[in-house]
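Below: one structure, written as structure tokens.
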Amino acid sequence: MSIIVNLDVMMAKRKMSVTQLSEELDITMANVSILKNGKAKAVKLDTLNKICKVLDCQPGDILEYIPDEEDEV
């Protein structure tokens, strides 16, 4: 299974920089960058909640499931 993080897309739509989002979420710019670049292994629900509030979006706007080829039957 592959979960794709589209945080960069939502940030662009809202014209928000990593610095701005970091300040709004009260987390480090490094952690926002990890999320934005899809390198995160996990996301706390509290963090996801804050992201959705700040970017005025739904979790599905940020997270997308794309099945791996071996998952398709």
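Put simply, CG on Leu7 and CD1 on Ile4 are 13.5 Å apart, with the number rounded to the nearest 0.5 Å. With values rounded to the nearest 0.5 angstrom, Ser2 atom OG is found 3.5 Å from Asp68 atom CG. Atom CE of Met16 and atom CG of Asp8 lie 14.5 Å apart (nearest 0.5 Å).
When all heavy atoms of Val18 and Met11 are compared, the pair lying nearest together is N-CE, 3.5 Å. Cys52 approaches Pro59 most closely through the heavy-atom pair SG-N, 3.5 Å.
Within the 4.5 Å cutoff, no side-chain heavy atoms of Asp61 are placed close to those of Leu55. Between Val43 and Ile62 there is no side-chain heavy-atom pair separated by less than 4.5 Å. Leu63 is listed as a side-chain neighbour of Val5, based on a closest heavy-atom distance under 4.5 Å.
Leu21 and Val9 are assigned to two separate hydrophobic clusters, defined by single-linkage of ILVMFWY side chains at heavy-atom distances under 4.5 Å. Under a hydrophobic clustering in which Ile, Leu, Val, Met, Phe, Trp and Tyr are joined whenever their side-chain heavy atoms come within less than 4.5 Å, directly or via other members, Leu48 and Val32 fall into the same cluster. No single ILVMFWY cluster, assembled from side-chain heavy atoms under 4.5 Å apart, contains both Leu45 and Ile34.
The list of salt bridge (Lys or Arg N to Asp or Glu O under 4.0 Å) pairs with a residue in residues 13-37, not counting sequence neighbours, is empty. The salt bridge (Lys or Arg N to Asp or Glu O under 4.0 Å) contacts involving residues 37-57 comprise Asp46-Lys50, where partners must be two or more places apart or lie in separate chains.
In this view, Asn31 and Thr28 satisfy the side chain to side chain donor-acceptor pair (under 3.5 Å) rule, not counting sequence neighbours.
A donor-acceptor pair under 3.5 Å is formed between the side chain of Ser22 and the backbone N or O of Ile27.
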